**Student:** 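Questions regarding the structure given below will be posed in turn.
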Amino acid sequence: MNNAIDTSGFLNTAVGAVVSAGFTIRDRLGGQFLTSCKSCPADLVTEVDKLSQSVILETISNAFPDHRLVAEEDFCGEELALDHRPVWFIDPLDGTTNFVFGLPLCAVTIALAIEGKAILGVTYDPFRDELFTATKGGGAQLNRKPVRVDRVRGSIAGSLLVTGFPASEGFKNEMLRADFKKLFCKAADIRALGSAALELAYVACGRLTGYWEVSLSPWDVAAGMILVEEAGGKVSGLRGEELELGRFVSIVASNGLIHDELVEDLGYGAI
Ligand code: 2AM
Ligand code: CA
């Protein structure tokens, strides 16, 4: 049973890793760094992503040499459900495009999953010194104080929603299938912050009511998913189905109260 796992040792290591990595990011915003493209011109990586990742990999592999590490900047398309080892999903810099433009909306985010389910998630915003943590059955915290999803908004009307825009052409079409006009007309407003990890953390602490995005990677959302669930919210696929940490993840997350309405209004259809 996951509930029986003592996560405190994992959590301490994870927190140490994200905070150290976060300092390397914070100190380099607005400075000079090498930037290159990955899958397409909009898919960026900088030497700071790689530096942050090396800090995290060293910390976790020293503490847990038997665990598997799935880290964005090392990932080569390998099978995710390979064996029964605990798996760390690591995004060393979520919000790279923001970082490249000098916009301080970025996070370091890592999660530990056992048999495909996250048991721990940690997201750190180095620019606001905000540390979001969650463990399975242990609730969600911001800077070690419990947080909850938005309990005030019970429908899309009055809700503050957030989304993100995918980089590649194929996924743009998937994004454009959402009934954006309907949501835009009903909601109080819609944001796009450019960091899936922060968007999910903000749903978890009630700053945003609901979120959706298509074709993310497991390291973008693994920590955020457990944060939202432990904060009393709901996470699903675009059609309301249970969400797995597969190679591509299209996600809806909310305070739970607006979830069914959000799934219906997105208009991706039934499961
Ligand atoms: P990243 O900054 O780690 O790449 C922006 O809407 C969100 O989408 C960010 O969390 C970003 O993560 C994520 N994302 C996932 N795949 C991406 C891609 N191929 N290009 C740009 N952003 C991507
Ligand atoms: Ca990244």
Side-chain angles (χ1 to χ4, degrees), residues 2 5 7 10 13-14 17-18 20-21 24-25 34-97 99 106-124 136 164 166-172 174 195-197 200 213-227 235-238 241-251:
N2 286 341
I5 295 171
T7 50
F10 301 141
T13 300
V18 294
S20 303
T24 70
I25 294 169
L34 292 173
T35 302
S36 51
C37 301
K38 295 194 286 184
S39 61
C40 61
D43 186 5
L44 302 175
V45 61
T46 73
E47 61 184 317
V48 181
D49 297 62
K50 293 175 185 171
L51 185 61
S52 172
Q53 179 165 293
S54 65
V55 170
I56 297 166
L57 294 185
E58 189 181 344
T59 305
I60 297 179
S61 60
N62 280 343
F64 306 110
D66 299 336
H67 290 191
R68 187 169 170 214
L69 308 181
V70 176
E72 178 173 14
E73 309 310 340
D74 272 354
F75 188 72
C76 299
E78 56 270 26
E79 180 60 53
L80 292 177
L82 209 56
D83 54 40
H84 293 291
R85 282 183 296 164
V87 181
W88 291 87
F89 288 101
I90 298 159
D91 188 340
L93 204 177
D94 188 63
T96 298
T97 302
F99 182 77
C106 321
V108 184
T109 184
I110 64 183
L112 175 62
I114 294 182
E115 293 178 354
K117 297 275 177 218
I119 61 156
L120 169 164
V122 174
T123 295
Y124 181 59
K136 189 80 188 159
S168 73
E169 291 305 319
F171 293 137
K172 281 183 180 164
E174 179 74 350
S195 162
L200 284 160
E213 189 157 356
V214 303
S215 68
L216 293 165
S217 295
W219 45 79
D220 295 315
V221 296
M225 285 168 65
I226 186 167
L227 275 164
V235 176
S236 75
L238 296 176
E241 75 278 21
E242 193 180 334
L243 196 55
E244 310 235 323
L245 283 173
R247 175 60 193 93
F248 293 104
V249 184
S250 294
I251 184 170

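It should be emphasised that the depicted structure is a prediction, and the values quoted were computed from it without experimental measurement. As a basis for the values below, the full set of heavy atoms in this structure was taken, side chains included, without hydrogen atoms, waters or symmetry mates.
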**Student:** Do you know the tightest heavy-atom contact between Thr46 and Thr96?
**Tutor:** CG2-CG2, 4.1 Å
**Student:** Is the closest side-chain heavy-atom distance between Ser61 and Leu69 below 4.5 Å?
**Tutor:** yes
**Student:** Is it true that Thr109 and Asp94 share a donor-acceptor pair across their side chains at a distance under 3.5 Å?
**Tutor:** no
**Student:** Is Glu213 close to Val221 at the side-chain level, that is, under 4.5 Å between some pair of heavy atoms?
**Tutor:** no
**Student:** Is Asp74 close to Leu57 at the side-chain level, that is, under 4.5 Å between some pair of heavy atoms?
**Tutor:** yes
**Student:** If you round to the nearest 0.5 Å, how far is NZ of Lys172 from SG of Cys40?
**Tutor:** 7.0 Å
**Student:** Got a sec, which residues hit salt bridge (Lys or Arg N to Asp or Glu O under 4.0 Å) with Lys38, two or more places apart in sequence or on another chain?
**Tutor:** Glu72, Glu73
**Student:** Can you name the nearest heavy-atom pair linking Pro92 to Val108, along with the distance?
**Tutor:** O-CG2, 3.6 Å
**Student:** Minimum heavy-atom separation for Phe248 to Ser215, with atom names?
**Tutor:** CD2-O, 4.3 Å
**Student:** Could you tell me if the side chain of Ser250 sits less than 4.5 Å from the side chain of Leu216, heavy atoms only?
**Tutor:** no
**Student:** When rounded to the nearest 0.5 angstrom, what is the spacing between SG in Cys37 and CG in Leu44?
**Tutor:** 5.5 Å
**Student:** Parallel, tilted or perpendicular for Phe64 and Phe10, by the 30°/60° rule?
**Tutor:** perpendicular
**Student:** Could you give the distance from CD1 (Ile114) to OG1 (Thr7), rounded to the nearest 0.5 Å?
**Tutor:** 9.5 Å
**Student:** Go through Ile90 and Trp219 one step at a time and tell me if the side chain to side chain contact (heavy atoms under 4.5 Å, CB included) criterion holds.
**Tutor:** CA-CA 5 Å; Ile90 298 159; Trp219 45 79; 5.7 Å; no
**Student:** Check this for me, if you would: do Glu242 and Lys117 make a salt bridge, where the nitrogen-to-carboxylate-oxygen distance has to be below 4.0 angstrom?
**Tutor:** yes
**Student:** Can you give me the closest heavy-atom contact between Ala118 and Ala222, atom names plus distance?
**Tutor:** CB-O, 4.0 Å
**Student:** Hey, is CD on Glu47 packed in by over 12 heavy atoms from elsewhere, all under 6.0 Å?
**Tutor:** yes
**Student:** May I ask you to test the Thr123-Leu200 pair for a side-chain heavy-atom distance under 4.5 Å?
**Tutor:** no
**Student:** Step by step, work out the side chain to side chain contact (heavy atoms under 4.5 Å, CB included) result for Ile226 and Leu120.
**Tutor:** CA-CA 7 Å; Ile226 186 167; Leu120 169 164; 5.5 Å; no
**Student:** Considering only heavy atoms from C-beta outward, does the side chain of Val45 approach that of Lys50 to under 4.5 Å?
**Tutor:** yes
**Student:** Using every non-hydrogen atom in the two residues, find where Arg68 and Glu79 come nearest and quote the distance to one decimal.
**Tutor:** NH2-O, 2.7 Å
**Student:** If you look at every heavy atom in Leu245 and Leu80, which pair is closest and at what distance?
**Tutor:** O-CD1, 3.8 Å
**Student:** Mind checking whether His67 and Arg85 have side chains closer than 4.5 Å, heavy atoms only?
**Tutor:** no
**Student:** Go through the structure and list residues passing side-chain hydrogen bond (donor to acceptor under 3.5 Å, both in side chains) with Ser236, not counting sequence neighbours.
**Tutor:** His259
**Student:** With a 4.5 Å heavy-atom cut-off, do Leu243 and Val235 have their side chains touching?
**Tutor:** yes
**Student:** Determine yes or no for a side-chain-to-main-chain donor-acceptor pair under 3.5 angstrom, with Ser52 supplying the side chain and Val48 the backbone.
**Tutor:** no
**Student:** To the nearest 0.5 Å, what is the distance between CG (Leu51) and CD1 (Ile25)?
**Tutor:** 9.0 Å
